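All remarks here apply to the structure that follows.
Keep in mind the model is a prediction, meaning the values are calculated, not measured. Along the sequence shown, residues are numbered consecutively beginning with 1.
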Amino acid sequence: MIDNGLSTFIVAAANEAGATRVTPIDPTGIRYYTEVRHLCERNACGAFGKNWQCPPHVGSVAETSARAKRYACGVVVQSVGVLEDSYDIEGMGREQKQHQDRLRAVGKRLRVEHPDVPFLLLGAGPCDVCSRCTVLDGEPCRFPDRIMPSMESFGMNVKEVVESVGLPYISGKNTVTYSGLILYGNAAE
């Protein structure tokens, strides 16, 4: 894994954006599962087929994993929010939005301060840039520089990924933990 010091920059940027935990990861160890995508097909979040960054539009697991494997380095970013109780759905939604915004803030800094570095942001849940995705109208994405597919849509087992770098998947009673991944740098061909 060649990094050239960018992990320090990304870790600092994520911390400045308010992330709870941030740690580098060697993305070559990430495994991809079609079984994870089957969870998307069950449509528990309601976004299956309704979002450019969700299945089936995001591509097959073979396509998304090939896309992810183009990057040499990675950083796992977690956001932990405190909830009123385990049924605080509004709090979960608020924390998820804040998590996604943190990842986009890091992406924006990368784009501005390191414009030559290719990167991919993978968040938690469906892309939420637009209140109504243009896929529903058969139109291209209006904000391709802000899109963010989820780790799951790429076939990643989030629990496995975060635990591989020593981070917890669950952070305790009356909390919600969202995890994202920033992949960057060209992998050797």
Do you know the tightest heavy-atom contact between [X] and [Y]?
{"X": "Ala124", "Y": "Ser179", "answer": "CB-O, 3.8 Å"}
{"X": "Ser79", "Y": "Ala19", "answer": "OG-CA, 4.5 Å"}
{"X": "Tyr169", "Y": "Thr177", "answer": "O-CB, 3.6 Å"}
{"X": "Thr64", "Y": "Val58", "answer": "CG2-O, 3.6 Å"}

Side chain to side chain, [X] and [Y], heavy atoms closer than 4.5 Å:
{"X": "Glu152", "Y": "Leu39", "answer": "no"}
{"X": "Pro140", "Y": "Thr134", "answer": "no"}
{"X": "Phe48", "Y": "Pro56", "answer": "yes"}
{"X": "Gln53", "Y": "Cys141", "answer": "no"}
{"X": "Arg104", "Y": "Val129", "answer": "yes"}
{"X": "Tyr178", "Y": "Gln100", "answer": "no"}
{"X": "Val61", "Y": "Tyr33", "answer": "no"}
{"X": "Arg31", "Y": "Asn157", "answer": "no"}

Okay, side chain of [X], backbone of [Y]: is any donor-acceptor separation there less than 3.5 Å?
{"X": "His57", "Y": "Lys50", "result": "no"}
{"X": "Glu95", "Y": "Thr175", "result": "no"}
{"X": "Arg37", "Y": "Phe154", "result": "no"}
{"X": "Thr20", "Y": "Val80", "result": "yes"}
{"X": "Asn43", "Y": "Ala47", "result": "yes"}

With rounding to the nearest 0.5 angstrom, report the [atom1] to [atom2] distance, [X] to [Y].
{"X": "Tyr184", "Y": "Ile10", "atom1": "OH", "atom2": "CD1", "answer": "4.5 Å"}
{"X": "Leu121", "Y": "Arg146", "atom1": "CG", "atom2": "CZ", "answer": "12.0 Å"}
{"X": "Phe119", "Y": "Ile182", "atom1": "CZ", "atom2": "CD1", "answer": "8.5 Å"}
{"X": "Trp52", "Y": "Ile147", "atom1": "CH2", "atom2": "CD1", "answer": "10.5 Å"}
{"X": "Tyr32", "Y": "Met151", "atom1": "OH", "atom2": "CE", "answer": "9.0 Å"}
{"X": "Lys69", "Y": "Leu183", "atom1": "NZ", "atom2": "CG", "answer": "12.0 Å"}

**Request:** Determine, stepwise, if the pair Asp85 / Asp88 fulfils side chain to side chain contact (heavy atoms under 4.5 Å, CB included).
**Result:** CA-CA 6 Å; Asp85 55 43; Asp88 183 3; 4.0 Å; yes
**Message:** Tell me whether Glu90 at atom CD has more than 12 heavy atoms from other residues, nucleotides or ligands lying less than 6.0 Å away.
**Reply:**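 No, CD of Glu90 has 12 or fewer neighbouring heavy atoms, counting only those of other groups under 6.0 Å.
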Is it the case that one hydrophobic cluster holds both [X] and [Y], taking links as side-chain heavy atoms less than 4.5 Å apart, direct or via other members?
{"X": "Val161", "Y": "Val36", "answer": "no"}
{"X": "Val158", "Y": "Val176", "answer": "no"}
{"X": "Ile89", "Y": "Leu83", "answer": "yes"}
{"X": "Met92", "Y": "Leu103", "answer": "no"}
{"X": "Met148", "Y": "Val135", "answer": "no"}

**Request:** Tell me, with the steps shown, if Ile30 and Leu181 meet side chain to side chain contact (heavy atoms under 4.5 Å, CB included).
**Result:** CA-CA 11 Å; Ile30 296 173; Leu181 182 61; 3.7 Å; yes
**Request:** Tell me yes or no: between the side chains of Glu35 and His38, is some donor less than 3.5 Å from an acceptor?
**Result:**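 Side-chain D/A pair, Glu35 to His38: absent.
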**Request:** Determine, stepwise, if the pair Phe143 / Cys130 fulfils side chain to side chain contact (heavy atoms under 4.5 Å, CB included).
**Result:** CA-CA 9 Å; Phe143 304 104; Cys130 303; 3.6 Å; yes
**Message:** Going by side chain to side chain donor-acceptor pair (under 3.5 Å), name the pairs with one or both residues in residues 109-126, residues two or more places apart or in two chains.
**Reply:**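 Listed once each, the pairs are Glu16-Arg109, Arg109-Glu113.
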**Request:** Evaluate side chain to side chain contact (heavy atoms under 4.5 Å, CB included) for Arg21 paired with Ser171, printing each intermediate quantity in order.
**Result:** CA-CA 11 Å; Arg21 301 180 193 109; Ser171 298; 3.1 Å; yes
